[in-house]
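Residue numbers start from 1 in every chain, and the chains themselves are labelled A, B, ... in the order their sequence lines are given, proteins ahead of strands.
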2 protein chains.
Amino acid sequence: MTDPTGRVFDALADPNRRYVVQALAQRETATATELAAELPVTRQAVAKHLAALNDAGLVESRREGRETRYELTPGPLAAAMDWIAGVGAEWDSRLARLRRHLSGGSPRRAGGARRRG
Amino acid sequence: MTDPTGRVFDALADPNRRYVVQALAQRETATATELAAELPVTRQAVAKHLAALNDAGLVESRREGRETRYELTPGPLAAAMDWIAGVGAEWDSRLARLRRHLSGGSPRRAGGARRRG
DNA sequence: ATTATACGCAACCCAGAGGTTGCGGATTGG
DNA sequence: CCAATCCGCAACCTCTGGGTTGCGTATAAT
């Protein structure tokens, strides 16, 4: 999993990690111990998750005295969204090509990737 | 990984799986054998990946004669994007609150989650 | 009918993820 | 100084994920 996009998606695949991301999106910073208090796992487990998030570039750590505070760096989230959007665009243009090919009627632009219908 | 969102992110975490998704976004359908020809893994490996994608709701299979054709169903991608967008929104509103709190100046809306700077 | 193609199922292998416990080392507080 | 926190490192365990090989079976082609 050396590619950046893969690391981001992998980071978001775990529920505990998603909880951490959401938590850090709301409060400004948090420590592993604080987060562990709200999760069904130990502090070390949370520390590992934070390491994974840091590896994906989603989080930055800063030591303050005896505690290590983590902060969200949501940049890579945009990259992940871009990837999904790219797939949606290819899907849409393929649909447009198909539609245009089937009937010469006015081929209006389709929106983004739509929900399951 | 019983939660739907987790399954989608987990599906997108693997490079081969992402390749399959992109491939299916362009061509209309494909078989496991066809995809395996473009990937450094065996047909069975691709079949497992397709099963995972199907489990995440990203793909549907249809048997046609002796071959099984797979088609992309991009609905769940929107759900994944929504999750990311939700985090971005919370992040933005927190920033807005902070900015409004620090200085009474006109608090213009921030954009979406921005790229790494 | 026989051969070739495409699939599914099952067993198996191995590395890594997620988790725990057990320390030892800083830092803060009395 | 001594006790209480907070952290990081390391060992360990278990289970799943990605991958392979092997085989049986159904459909298609000759």
Side-chain angles (χ1 to χ4, degrees), chain A residues 1-24 27-71 76, chain B residues 1-24 27-71 76:
Chain A
M1 196 82 53
T2 48
D3 69 302
T5 312
R7 279 201 296 271
V8 175
F9 282 130
D10 192 63
L12 299 182
D14 186 272
N16 289 334
R17 237 131 50 191
R18 282 205 306 283
Y19 180 90
V20 168
V21 168
Q22 275 183 318
L24 287 179
R27 18 180 164 315
E28 20 265 284
T29 76
T31 69
T33 326
E34 289 169 8
L35 292 166
E38 318 167 19
L39 284 170
V41 293
T42 60
R43 171 184 63 91
Q44 281 84 345
V46 176
K48 283 192 185 179
H49 285 309
L50 284 168
L53 290 172
N54 178 54
D55 199 56
L58 286 168
V59 114
E60 273 179 10
S61 66
R62 208 176 47 233
R63 186 115 204 202
E64 279 179 11
R66 73 174 155 183
E67 63 185 13
T68 304
R69 307 215 62 91
Y70 287 84
E71 182 186 2
Chain B
M1 197 81 56
T2 48
D3 69 298
T5 311
R7 278 199 297 270
V8 176
F9 282 130
D10 192 64
L12 299 182
D14 185 272
N16 289 333
R17 237 133 47 193
R18 281 204 308 283
Y19 180 90
V20 168
V21 168
Q22 275 184 318
L24 288 179
R27 12 181 165 330
E28 19 266 284
T29 75
T31 69
T33 324
E34 288 170 10
L35 293 166
E38 318 167 20
L39 285 170
V41 294
T42 60
R43 171 184 63 90
Q44 281 83 346
V46 177
K48 283 191 185 178
H49 285 309
L50 284 167
L53 290 172
N54 178 54
D55 201 55
L58 285 170
V59 114
E60 273 180 9
S61 67
R62 207 177 46 234
R63 186 112 203 205
E64 280 180 10
R66 72 174 157 183
E67 62 184 14
T68 305
R69 307 214 62 89
Y70 288 83
E71 182 187 2

- Item | Which residue lies more 5' along DNA chain C, comparing B:Ala47 with A:Glu64 via nearest heavy atoms | B:Ala47
Rounded to the nearest Å, what distance is computed from the [atom1] atom of residue [X] to the [atom2] atom of nucleotide [N]?
X: A:Tyr19; N: C:dG18; atom1: OH; atom2: C1'; answer: 19 Å
X: A:Leu12; N: C:dA17; atom1: CG; atom2: P; answer: 16 Å
X: A:Leu50; N: D:dC9; atom1: CG; atom2: P; answer: 13 Å
X: A:Glu67; N: C:dG25; atom1: CD; atom2: C1'; answer: 17 Å
X: A:Asp14; N: C:dG16; atom1: CG; atom2: P; answer: 18 Å
X: A:Phe9; N: D:dG17; atom1: CZ; atom2: C1'; answer: 19 Å
X: B:Arg66; N: C:dG8; atom1: CZ; atom2: P; answer: 14 Å
X: B:Asn16; N: D:dG18; atom1: CG; atom2: P; answer: 9 Å

Quick one: which of [options] gets closest to the side chain of [X]?
X: B:Ala45; options: C:dG19, D:dT20, D:dG8; value: D:dT20
X: A:Thr42; options: D:dT21, C:dT21, D:dG8; value: C:dT21
X: B:Val41; options: C:dG8, C:dG19, D:dT20; value: D:dT20
X: B:Lys48; options: C:dG18, D:dG8, C:dA11; value: C:dA11

- Task: Just call it for B:Arg43: base, sugar-phosphate, or nothing, with non-hydrogen atoms closer than 4.0 Å on any strand.
- Result: base
- Message: So, does B:His49 get its side chain near the phosphate of D:dG17, meaning an N or O under 4.0 Å from OP1 or OP2?
- Response: no
- Message: For C:dA6 and B:Thr68 - does any side-chain N or O of the residue sit under 4.0 Å from the phosphate oxygens OP1/OP2?
- Response: no
- Do side-chain atoms of A:Arg17 reach the backbone of A:Leu53 as a donor and acceptor pair under 3.5 angstrom? no
- Task: Could you check B:Val46 against B:Gly65 and say which one's nearest nucleotide on DNA chain D is further toward the 5' end?
- Result: B:Val46
So, taking the atom named [atom1] in [X] and the one named [atom2] in [Y], what distance separates them when rounded to the nearest 0.5 Å?
X: B:Leu58; Y: B:Leu12; atom1: CG; atom2: CG; result: 6.0 Å
X: B:Ser61; Y: B:Leu50; atom1: OG; atom2: CG; result: 9.0 Å
X: B:Leu35; Y: B:Asn16; atom1: CG; atom2: CG; result: 10.5 Å
X: B:Glu60; Y: B:Glu71; atom1: CD; atom2: CD; result: 6.5 Å

- Query: Between the base of D:dG22 and the side chain of B:Gln44, is there a donor-acceptor distance below 3.5 Å?
  - Reply: yes
- Message: Is it the case that the base of D:dG17 and the side chain of B:Arg17 share a donor-acceptor contact (distance under 3.5 Å, atom types as modelled)?
- Response: no
